[in-house]
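Report on the structure given below.
We count ligands from 1, going down the list as the structure has it; atoms in each ligand are counted the same way. Note that the coordinates shown come from a computational prediction; the quantities given were computed from them, not determined experimentally.
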Amino acid sequence: MRIDVVTIFPGYLAPLREALLGRAIEAGLVELGVHDLRDWTHDVHQAVDDSPYGGGPGMVMRPQVWGEALDAVLGEEPARLVVPTPAGRPFTQATAQAWAAEERLVFACGRYEGIDQRVVDAYADRGPVDEVSIGDYVLVGGEVAVLVMVEAVVRLLPGVLGNPVSAQEDSFSDGLLEGPAYTRPVSWRGLDVPDVLRSGNHAAIARWRRDRALERTAARRPDLLDALPPDALDRADRAF
Ligand SMILES: N#Cc1c(-c2ccc3ccn(Cc4ccc(CN5CCOCC5)cc4)c3c2)n[nH]c1N
């Protein structure tokens, strides 16, 4: 997979070259290009924004600069263009899993009050364009959202995670939140690891973990329970 990011703050994306993601890049599992939008400006002030038509607060990012930048970065290779925005469709684990199958992702990081809508409209004729949001809160720009989405996608690529099974057993992959996890010591500040986890009874451990996942999901994310397909809960789950 190749990932390109266009931004006026390239330094914001430096964490993508650290730790697990950095090792994936070094291993050739993913290619990363980060591009400064201002490289496609032609004025002395390197202007990327202007006042909004129709009035309103803040500034809007100019379509011309974005058009030149995305034409250059996209080139002729097919790619999914991703535009983070507070007004986007929710980015979920299912989105990450779908995008993990893509050959190329290009992220357009807006700032100010966002990017002129004609940029999205113009590229929608060339290939898939996703306007997505990572959550119901307002950030200052798209860079943090890109860090989140790139990490969620790249960790799913074959060879990136040391233990690939964990990607399948992620929270949300079975529609539930994962339950609590424990490691040594068996007792810490008067708090003990649940006996079942040390029993060696794998069926009982699996049942206990499923029950804790159901309990946590019901308490914290009842919406996920409501969204489960009818056959997702077995009789033992229903007894819970
Ligand atoms: N992904 C993601 C994001 C973003 C995000 C992503 C991309 C950009 C580019 C610019 N900004 C800042 C910005 C601030 C204010 C406004 C105005 N609106 C805000 C909502 O109420 C109405 C008025 C627009 C844009 C961005 C924010 N925020 N939250 C997410 N989950």
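When hydrogens are left out, the protein atom nearest atom 23 (C) of ligand 1 is E113 OE1, 4.8 Å; that is the closest non-hydrogen contact. Looking at atom 21 (O) of ligand 1, its nearest protein heavy atom turns out to be V138 CG2, 4.7 Å. For atom 5 (C) of ligand 1, the nearest protein heavy atom (residue, atom name, distance) is P86 CD, 3.5 Å. The single protein non-hydrogen atom nearest to atom 31 (N) of ligand 1 is G135 O, 2.9 Å, given as residue, atom name and distance. Of the protein's non-hydrogen atoms, the one nearest atom 13 (C) of ligand 1 is Y112 O, 3.3 Å.
Distances below 4.0 Å separate heavy atoms of A145 from the following atoms of ligand 1: 1 (N), 2 (C). Interface of V132 with ligand 1, defined as ligand atoms under 4.0 Å from a residue heavy atom, comprises 1 (N).
Below 3.5 Å of separation, one finds no N or O of G142 facing any N or O of ligand 1. Among the atoms of Y137, some N or O lies under 3.5 angstrom from an N or O of ligand 1. Ligand 1 has no N or O atom lying under 3.5 Å from any N or O atom of G110, backbone or side chain.
Contact annotation for atom 18 (N) of ligand 1: protein absent (non-hydrogen atoms, distance under 4.0 Å).
Nearest residue to atom 28 (N) of ligand 1 from T85, V83, L139 is L139 (criterion: closest heavy atom). Nearest residue to atom 7 (C) of ligand 1 from P84, P90, A108, P57 is P84 (criterion: closest heavy atom). Selection from I134, V60, V140 by nearest heavy atom to atom 11 (N) of ligand 1 gives V140.
In this structure, F91 has its ring center under 6.0 Å from that of W99.
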**Study point:** Step-by-step side-chain contact (heavy atoms from CB on, under 4.5 Å) determination, D71 to R126
**Key:** CA-CA 11 Å; D71 284 352; R126 299 193 189 187; 3.0 Å; yes
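Rounded to the nearest 0.5 Å, atoms CD (E77) and CG (D4) are 11.0 Å apart.
Under a 4.0 angstrom heavy-atom cut-off, G88 registers as lying outside contact with ligand 1. In this structure, I115 falls outside the shell of residues with a heavy atom less than 4.0 angstrom from ligand 1.
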